Structures are given as structure tokens and as C-alpha cells.
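These numbers come from a predicted model, not from an experiment.
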Amino acid sequence: MANQSRRDFMRNSLLGLAALPLGAGILSRQALAQDLPRLDPENPQAKALNYVVEASDASDHPAYADGEKCSNCMFYNADTQGCQLFPQNSVEPAGWCQSWTAA
């Protein structure tokens, strides 16, 4: 019987450890969505990439095409409204920058 208890303990411990990253991922996504400050268009990196809060404001930029916006870019994370190019900030879903790439 002692071996059965030990096996159950080990199996349950391993299952619990396997579930930890999943739980941490869910919690961190919720926390990040609230913690990321909005990207200021005056930020030097934002200016370098011609970031605008409203995609239509970039209509005169040669790299812009109608329909492009942060929310349909491959760098955008809908859970946090973050962008891989601006990891410390969230971006406007309707925004745009010259690094836009189809998702």
C-alpha cells in the first residue's frame, strides 16, 4: 500500500507541475493587459517606425495600404494589446506603423 500512495503522490505532483505554466500564462496575460502603458506616438522608437494612433493618419506614408492596422498585424497580441516591436507598451488596435506585416 505504501508504494501505491507514493505512486499516486508522484503522479499528482507531476500533473500539478505540468499545469503550473498554463495557470501562470493565463494570469500573466490578464496582468499584462492592465499593466502595459499606451505607446506615446512621441516615443523615439514610435517616431522611428512612424507609429500613429489611427491608421488612416498614415495614408500619405508610402508603406501604408488601406486596411492595415495594428490589430491585423503579425506583431500584435490581442490579449495584451501589445506589440512585439514595443514590448514595454500597448498599442492602439486601430494604430499603424511602417513595420506592419500581415498576420
Side-chain angles (χ1 to χ4, degrees):
M1 289 223 186
N3 285 341
Q4 186 63 33
S5 290
R6 189 175 301 147
R7 282 187 206 122
D8 288 342
F9 173 76
M10 292 301 291
R11 180 177 47 241
N12 292 337
S13 296
L14 290 174
L15 289 173
L17 287 173
L20 279 176
L22 176 63
I26 291 169
L27 291 174
S28 65
R29 267 185 278 161
Q30 291 170 347
L32 284 174
Q34 297 168 2
D35 292 344
L36 292 175
R38 280 284 185 216
L39 178 64
D40 181 353
E42 296 301 312
N43 173 300
Q45 184 180 357
K47 286 184 121 184
L49 293 177
N50 295 300
Y51 171 76
V52 291
V53 174
E54 183 61 43
S56 61
D57 293 343
S59 60
D60 60 340
H61 193 282
Y64 176 77
D66 194 35
E68 296 177 353
K69 56 187 175 181
C70 292
S71 64
N72 61 16
C73 176
M74 71 175 281
F75 298 117
Y76 182 73
N77 180 332
D79 292 334
T80 63
Q81 290 189 346
C83 174
Q84 294 174 23
L85 304 175
F86 308 104
Q88 303 302 318
N89 299 98
S90 63
V91 295
E92 290 292 333
W96 178 88
C97 83
Q98 70 184 28
S99 294
W100 182 91
T101 305

Next on the checklist: Applying salt bridge (Lys or Arg N to Asp or Glu O under 4.0 Å) as the test, list every pair that has at least one member in residues 93-103; sequence neighbours left out.
Outcome noted: none

Checklist entry - Does anything in residues 86-95 pair up under salt bridge (Lys or Arg N to Asp or Glu O under 4.0 Å), and if so which pairs, sequence neighbours excluded? => result R38-E92

Item to check | SG on C83 to CG on N77, rounded to 0.5 Å | outcome: 9.5 Å

Item to check | Single-linkage hydrophobic cluster, 4.5 Å side-chain cutoff, V52 and L49 together | outcome: no

Identify every side-chain donor-acceptor pair in residues 93-103 under 3.5 Å, counting partners at least two apart or on other chains, and give the distances.
{"from": "W96", "atom 1": "NE1", "to": "E68", "atom 2": "OE1", "distance (Å)": "2.9"}
{"from": "Q98", "atom 1": "OE1", "to": "N50", "atom 2": "ND2", "distance (Å)": "2.4"}
{"from": "Q98", "atom 1": "OE1", "to": "H61", "atom 2": "NE2", "distance (Å)": "3.4"}
{"from": "W100", "atom 1": "NE1", "to": "K69", "atom 2": "O", "distance (Å)": "3.0"}
{"from": "W100", "atom 1": "NE1", "to": "N72", "atom 2": "OD1", "distance (Å)": "2.8"}
{"from": "T101", "atom 1": "OG1", "to": "S99", "atom 2": "O", "distance (Å)": "3.0"}

Checklist entry - Is there a path from L36 to V53 through hydrophobic residues (I, L, V, M, F, W, Y) whose side chains come within less than 4.5 Å of each other? => result no

Checklist entry - What salt bridge (Lys or Arg N to Asp or Glu O under 4.0 Å) pairs are there with at least one residue in residues 44-65, not counting sequence neighbours? => result E42-K47

Checklist entry - Can L85 be reached from L39 by stepping across I, L, V, M, F, W or Y side chains whose heavy atoms are under 4.5 Å apart? => result yes

Next on the checklist: Under 4.5 Å between side-chain heavy atoms, counting indirect links through other Ile/Leu/Val/Met/Phe/Trp/Tyr residues: same cluster for M74 and Y64 or not?
Outcome noted: no

Checklist entry - Can you name the side chain to side chain contact (heavy atoms under 4.5 Å, CB included) partners of C70, sequence neighbours left out? => result Y51, Y76, V91

